[in-house]
Novice: 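Before anything else, here's the structure in question.
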Amino acid sequence: MASRTSAFPCRLPPACFLLVLLLLCVQPGGSQKKKENMLSEKVEQMMEWSSRRSVIRMNGDKFRRFVKAPPRNYSVVVMFTALQPQRQCSVCRQANEEYQVLANSWRYSTAFSNKLFFTVVDYDEGADVFQQLNMNSAPTFMHFPPKGKPRRADTFDLQRIGFASEQLAKWIADRTDVQIRVFRPPNYSGTIALALLVSLVGGLLYLRRNNLEFIYNKTGWAMAALCVVFAMTSGQMWNHIRGPPYAHKNPQNGQVSYIHGSSQAQFVAESHIILLLNAAITMGMVLLNEAATSKGDVGKRRIICLVGLGLVVFFFSFLLSIFRSKYHGYPYSFLIK
């Protein structure tokens, strides 16, 4: 006769059942507690680094632990760059300056919290990160959300928008709902230049205090007024307030852009180009007026008229083409597409 004990499983003592039940109840709670402790340590470490510098430098290990690996309840903005001199990336240095301004504005604002951190990964310190993300250009800005993987919109469109701090702040607000008001460090170069100019004018007036007829020179005042008008209409005041880069170099093909592709921003070189175009158009108008009002030789007046007309037509066409390139969809053009 077969034994009964081989047909049925052995019975465990009641104490074993209680122990198994206890383990099943305690294990999930212990795992949750472990995650909370790990998250707390990560946030504490990120806050400590942020207290030392606004932008946290990261290598491959730090990036994988504090940016990629869960758990994480904070957003991370990462600038992938190549700042070493041997890389010869001038755009990286310009973008880094704007990035530092933005990070400092966030670090020293009253709204600063542990919900957003600014970090940087340099190619020479984290080449493995570049390989992991299949990244072959710099600078690149990416947002890593608290949960899930970055989407396409989490990569900043630097080529189309530029890397001004204000544009980066707007992009971050769209991705994280964190509003950052950009504060730029004071620049005293304008104040010093103004003081020198006032001193120079004051010294000139003092030296020629016995002969001030030049003050009543209409041509001189007209030239000074035109210089002010050209400076204001070309966007020099905007440059002074926003501090944009002089130009933009495409890191992929090395092509330099002097005209910004958006109507919401401009480069310093662009304002210089607009200033020269306005000056050339004004010169053409002056020549046309001179040809019409002067009483000199008819042939000479005709030449002056043609030169003035050529200046107005050509440079106004150039100015209109720049306007078309910034305001996409503008239907009008003249000579130059």
Side-chain angles (χ1 to χ4, degrees), residues 90-91 93-102 104-105 108 162-167 169 181-249 256-260 262-290 293 304 307-308 311-312 314-316 318-320 322-323 326:
S90 59
V91 180
R93 291 192 293 270
Q94 296 173 4
N96 182 61
E97 292 176 359
E98 292 294 309
Y99 192 59
Q100 293 286 344
V101 169
L102 178 61
N104 287 330
S105 301
Y108 297 106
F163 47 74
S165 300
E166 291 77 9
Q167 300 297 332
R181 184 180 178 184
V182 177
F183 292 95
R184 295 186 177 275
N187 187 358
Y188 299 103
S189 59
T191 304
I192 296 175
L194 180 61
L196 291 175
L197 178 62
V198 172
S199 301
L200 180 62
V201 173
L204 181 62
L205 293 176
Y206 177 77
L207 293 175
R208 301 195 59 178
R209 59 186 180 276
N210 298 324
N211 185 13
L212 299 178
E213 294 181 359
F214 68 94
I215 295 180
Y216 303 99
N217 190 319
K218 295 181 180 180
T219 304
W221 283 110
M223 295 295 293
L226 284 175
C227 290
V228 174
V229 171
F230 291 153
M232 294 297 104
T233 56
S234 64
Q236 294 296 327
M237 185 58 67
W238 192 92
N239 294 339
H240 180 73
I241 296 173
R242 298 295 184 90
Y246 186 81
H248 171 64
K249 184 177 181 181
V256 180
S257 300
Y258 298 101
I259 305 297
H260 200 286
S262 172
S263 61
Q264 303 298 321
Q266 71 175 19
F267 299 130
V268 175
E270 180 179 338
S271 62
H272 294 167
I273 294 173
I274 298 300
L275 188 149
L276 294 176
L277 292 178
N278 288 335
I281 295 171
T282 302
M283 178 60 68
M285 297 298 296
V286 170
L287 292 178
L288 288 174
N289 180 73
E290 183 69 17
T293 57
I304 294 175
V307 172
L311 288 174
V312 171
F314 178 77
F315 288 105
F316 181 76
F318 196 7
L319 184 65
L320 192 61
I322 294 177
F323 186 84
K326 296 182 67 67

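Treat the numbers as computed from the prediction; the structure is a model and nothing was measured.
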Novice: Considering the options V312, V307, L311, L226, which one meets the side chain to side chain contact (heavy atoms under 4.5 Å, CB included) requirement together with M283?
Specialist: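 The single option meeting the side chain to side chain contact (heavy atoms under 4.5 Å, CB included) with M283 is L311.
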Novice: Restricting to non-hydrogen atoms, name the atom on F230 and the atom on A279 that form the minimum distance, rounded to 0.1 Å.
Specialist: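 Closest approach of F230 to A279: CZ-CA, 3.6 Å.
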Novice: Does M232, at its CE atom, have more than 12 non-hydrogen atoms belonging to other residues, nucleotides or ligands within less than 6.0 Å?
Specialist: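 Correct, the count exceeds 12.
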Novice: Of the non-hydrogen atoms in F267 and A247, which two are nearest, and what is the gap between them?
Specialist: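 Residues F267 and A247, closest heavy atoms: CG-CA, 4.1 Å.
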Novice: Measure across A169 and L102 and return the closest heavy-atom pair with its distance rounded to 0.1 Å.
Specialist: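 The answer is CB-CD1, 3.7 Å.
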Novice: So does S271 get a backbone contact from the side chain of Q266, meaning a donor-acceptor N/O pair under 3.5 Å?
Specialist: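 The answer is no, because no donor-acceptor pair under 3.5 Å joins these two groups.
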Novice: Minimum heavy-atom separation for L319 and I281, please, with both atom names.
Specialist: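 Nearest heavy atoms, L319 then I281: CD2-CD1, 4.0 Å.
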Novice: Checking side-chain contact (heavy atoms from CB on, under 4.5 Å) for the pair I322/L277: CA distance, chi angles, key distance, verdict?
Specialist: CA-CA 11 Å; I322 294 177; L277 292 178; 3.7 Å; yes
Novice: Nearest heavy-atom pair of E98 and F163: which atoms, and what distance?
Specialist: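 Nearest heavy atoms, E98 then F163: CB-O, 3.2 Å.
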Novice: Measure from the side-chain N and O atoms of S105 to the backbone N and O of F183, and report whether any donor-acceptor pair falls under 3.5 Å.
Specialist: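 Side chain of S105 to backbone of F183, a donor-acceptor pair under 3.5 Å: yes, one is there.
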Novice: Once rounded to the nearest 0.5 Å, what's the spacing between atom OG1 of T293 and atom CG of L288?
Specialist: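 Interatomic distance, T293 OG1 to L288 CG, rounded to 0.5 Å: 10.5 Å.
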Novice: State, to 0.1 Å, how close I304 and L287 come at their nearest heavy-atom pair, and which atoms those are.
Specialist: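 Looking at all heavy atoms of both residues, the closest pair is CG2-O, 3.3 Å.
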Novice: Out of curiosity, I274 CD1 to F318 CZ, how far, rounded to the nearest 0.5 Å?
Specialist: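 Rounded to the nearest 0.5 Å, the CD1-CZ separation comes to 8.5 Å.
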Novice: Measuring from F315:CZ to T282:OG1, what's the distance to the nearest 0.5 Å?
Specialist: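 Nearest 0.5 Å value for the CZ-OG1 distance: 11.5 Å.
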Novice: Under 4.0 Å between a side-chain nitrogen and a carboxylate oxygen: does that hold for R184 and E97?
Specialist: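 A salt bridge is absent here (no side-chain N lies under 4.0 Å from a carboxylate O).
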Novice: Measure from the side-chain N and O atoms of N104 to the backbone N and O of Q100, and report whether any donor-acceptor pair falls under 3.5 Å.
Specialist: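 Side chain of N104 to backbone of Q100, a donor-acceptor pair under 3.5 Å: yes, one is there.
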